[in-house]
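Computation of the quantities below employed the complete heavy-atom set of this structure, encompassing side-chain atoms and omitting hydrogens, waters and symmetry-equivalent molecules. On a predicted model such as this, the values are computed, not experimentally measured, just so you know.
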Amino acid sequence: MKLTNKQREILRFLGLHISNFLVTVLLKTVRITYIKKDSMEELVLNKKNFVSAFWHCSMAIGWYLHKDQNISALVSKSKDGDVLANILKKWNYKVVRGSSHIGGKEALGLMLELTRQNFSLAITPDGPTGPPRVMKAGAVITAKKNGIPLLLIGIGIKNKFVLKSWDSFQVPKPFTKIMVLFSEPIMINKDLTYDETSKMIAECEKRLNDLQLQAETLC
């Protein structure tokens, strides 16, 4: 059934005003098991900023993991971005809005500025349009240029709804089991050449996919 413009506006209004409540209530019911979470906790305890990366398909959990920390997020100015920005603000994120068709250079500039202001950064490195589980350069370049660690996070959800979207977006069912695997902090050498940096991006992509597979297997 095709929605009318008025129906779309009603749904958008509801999304803006009740999405945070619904998502927060849902995620409070799930049972999360963490592996190597101390990697992140030590950085937070010592007030050291970092870049955290998780795949777009599991971002509902990924964003939730970082609520009430000194975390920033870059969100587009699209209508879909309005709903996400509203949720993240309620979770005490520093939200910066980019253009609805934000380019790579603009996004990178905003990410570098946020981390230079001593905010940590949570990012979906295959977003916002894919291809799925293929890492773009932003997370690695930001960590490299500002000399801060990169954390990769694999997220497995046992019982979930999988949407027919480009990323096969995962919505956890109430009370389900979730496994979250953290990498050790990865420091990116500032002196890496372009080719060496490209190789590091490929290595981080493989490592994140390995973590994701492990997390999904353990559920």
Side-chain angles (χ1 to χ4, degrees), residues 23-24 26-46 48-73 84 87-88 91 93 111 115 120-128 130-144 148-163 165 167-188 199-219:
V23 172
T24 301
L26 169 63
L27 296 183
K28 282 184 176 181
T29 72
V30 301
R31 296 171 291 120
I32 304 177
T33 299
Y34 301 99
I35 298 178
K36 293 187 178 179
K37 189 182 180 183
D38 56 322
S39 299
M40 182 178 71
E41 290 177 331
E42 186 174 349
L43 292 169
V44 173
L45 182 65
N46 292 321
K48 294 182 178 179
N49 61 327
F50 55 90
V51 178
S52 169
F54 42 88
W55 291 136
H56 200 275
C57 65
S58 54
M59 69 176 182
I61 299 299
W63 296 121
Y64 185 71
L65 295 175
H66 296 88
K67 72 184 186 73
D68 299 323
Q69 297 176 6
N70 188 41
I71 299 287
S72 61
L84 176 59
I87 293 172
L88 295 183
W91 289 350
Y93 273 75
M111 290 188 286
T115 51
S120 292
L121 175 71
I123 184 174
T124 55
D126 56 342
R133 305 195 187 192
V134 175
M135 183 172 282
K136 293 183 173 72
V140 170
I141 298 297
T142 300
K144 172 188 172 182
I148 59 177
L150 170 64
L151 285 178
L152 306 175
I153 305 177
I155 300 169
I157 305 171
K158 185 172 184 179
N159 298 312
K160 56 187 176 287
F161 301 101
V162 179
L163 305 187
S165 56
D167 61 344
S168 300
F169 187 79
Q170 301 174 4
V171 180
K173 294 183 179 180
F175 306 104
T176 192
K177 176 182 178 182
I178 292 174
M179 296 295 300
V180 178
L181 276 66
F182 292 83
S183 72
E184 296 295 332
I186 302 168
M187 296 302 300
I188 315 294
K199 184 178 179 182
M200 177 59 71
I201 294 168
E203 290 176 358
C204 288
E205 176 186 304
K206 182 181 182 304
R207 191 165 179 185
L208 181 51
N209 275 320
D210 288 344
L211 286 168
Q212 185 71 20
L213 179 59
Q214 290 176 45
E216 291 170 349
T217 302
L218 288 170
C219 280

Practice problem: For residues I153 and V180, report the shortest heavy-atom separation together with the two atoms involved. | Solution: CG2-CG1, 3.6 Å
Quiz item: So, do L151 and P185 sit near enough that their side-chain heavy atoms are less than 4.5 Å apart?
Solution: yes
Quiz prompt | Within-4.5 Å side-chain heavy-atom neighbours: M200 and K144 | solution = no
Self-check item: Atom pair CG/SG of D126 and C57 - distance to nearest 0.5 Å
Solution: 7.0 Å
Practice problem: For F50, enumerate each residue passing the ring pair (Phe, Tyr, Trp, His ring centres under 6.0 Å) test, keeping only those at least two apart in sequence or located in another chain. | Solution: none
Practice problem: Could you list the residues that satisfy side chain to side chain contact (heavy atoms under 4.5 Å, CB included) with L84, not counting sequence neighbours? | Solution: W63, V75, L88
Quiz item: Listed by chain and number, what are the side chain to side chain donor-acceptor pair (under 3.5 Å) partners of N46, not counting sequence neighbours?
Solution: none
Quiz item: Short question: side chain of N159, backbone of T176 - any donor-acceptor pair under 3.5 Å?
Solution: no
Exercise. List in chain and number order the residues that pass side chain to side chain donor-acceptor pair (under 3.5 Å) with K206, two or more places apart in sequence or in another chain; answer none if no residue qualifies.
Key: D210
Practice problem: Only counting residues at least two apart or in another chain, list the ones meeting ring pair (Phe, Tyr, Trp, His ring centres under 6.0 Å) with W91. | Solution: Y64
Quiz item: Partners of A137 by side chain to side chain contact (heavy atoms under 4.5 Å, CB included), sequence neighbours excluded?
Solution: I141, I201
Quiz item: Can you check whether C219 reaches I178 side chain to side chain, under 4.5 Å on heavy atoms?
Solution: no
Quiz item: Any side chain to side chain donor-acceptor pair (under 3.5 Å) pairs touching residues 29-45, not counting sequence neighbours?
Solution: none
Quiz item: Would you say the side chain of M59 lies within less than 4.5 Å of the side chain of D167, judging by non-hydrogen atoms?
Solution: no
Quiz item: Run the side chain to side chain contact (heavy atoms under 4.5 Å, CB included) check on K199 and E203 step by step: do they pass?
Solution: CA-CA 6 Å; K199 184 178 179 182; E203 290 176 358; 3.4 Å; yes
Self-check item: With N70 via side chain to side chain donor-acceptor pair (under 3.5 Å) - residues at least two apart
Solution: none
Quiz item: Mind checking what makes salt bridge (Lys or Arg N to Asp or Glu O under 4.0 Å) contact with R133, not counting sequence neighbours?
Solution: E216
Exercise. For residues L218 and L181, determine if any side-chain heavy atom of one lies less than 4.5 Å from a side-chain heavy atom of the other.
Key: yes
Self-check item: side chain to side chain contact (heavy atoms under 4.5 Å, CB included) partners of V134, counting only residues at least two apart
Solution: P131, E205
Self-check item: Backbone of W55 reached by a side-chain donor or acceptor of T124 within 3.5 Å
Solution: no
Quiz item: Mind checking what makes side chain to side chain contact (heavy atoms under 4.5 Å, CB included) contact with K160, not counting sequence neighbours?
Solution: I157, V162, Q170
Quiz item: For S52, what residues pass the side chain to side chain donor-acceptor pair (under 3.5 Å) criterion, not counting sequence neighbours?
Solution: H66
Exercise. Please confirm whether K67 makes a cation-pi placement over Y93, using NZ or CZ under 6.0 Å from the six-membered ring centre and within 45° of the ring normal.
Key: no
Exercise. Could you tell me the separation between the CG atom of N49 and the CG atom of L121, rounded to the nearest 0.5 Å?
Key: 9.5 Å
Quiz item: K173 side chain to V30 main-chain N or O, any donor-acceptor pair under 3.5 Å?
Solution: no
Practice problem: Measure the spacing between SG of C204 and CG of L150 and express it to the nearest 0.5 Å. | Solution: 5.0 Å
Quiz item: Closest heavy-atom contact between P125 and L208?
Solution: CG-CD2, 4.1 Å
Quiz prompt | From CD1 (I155) to CE (M179), nearest 0.5 Å | solution = 12.0 Å
Quiz item: Could you give the distance from CD1 (I71) to CD1 (I123), rounded to the nearest 0.5 Å?
Solution: 12.0 Å
Quiz item: Taking the side chain from S183 and the backbone from L152, do they hold a donor-acceptor pair closer than 3.5 Å?
Solution: yes
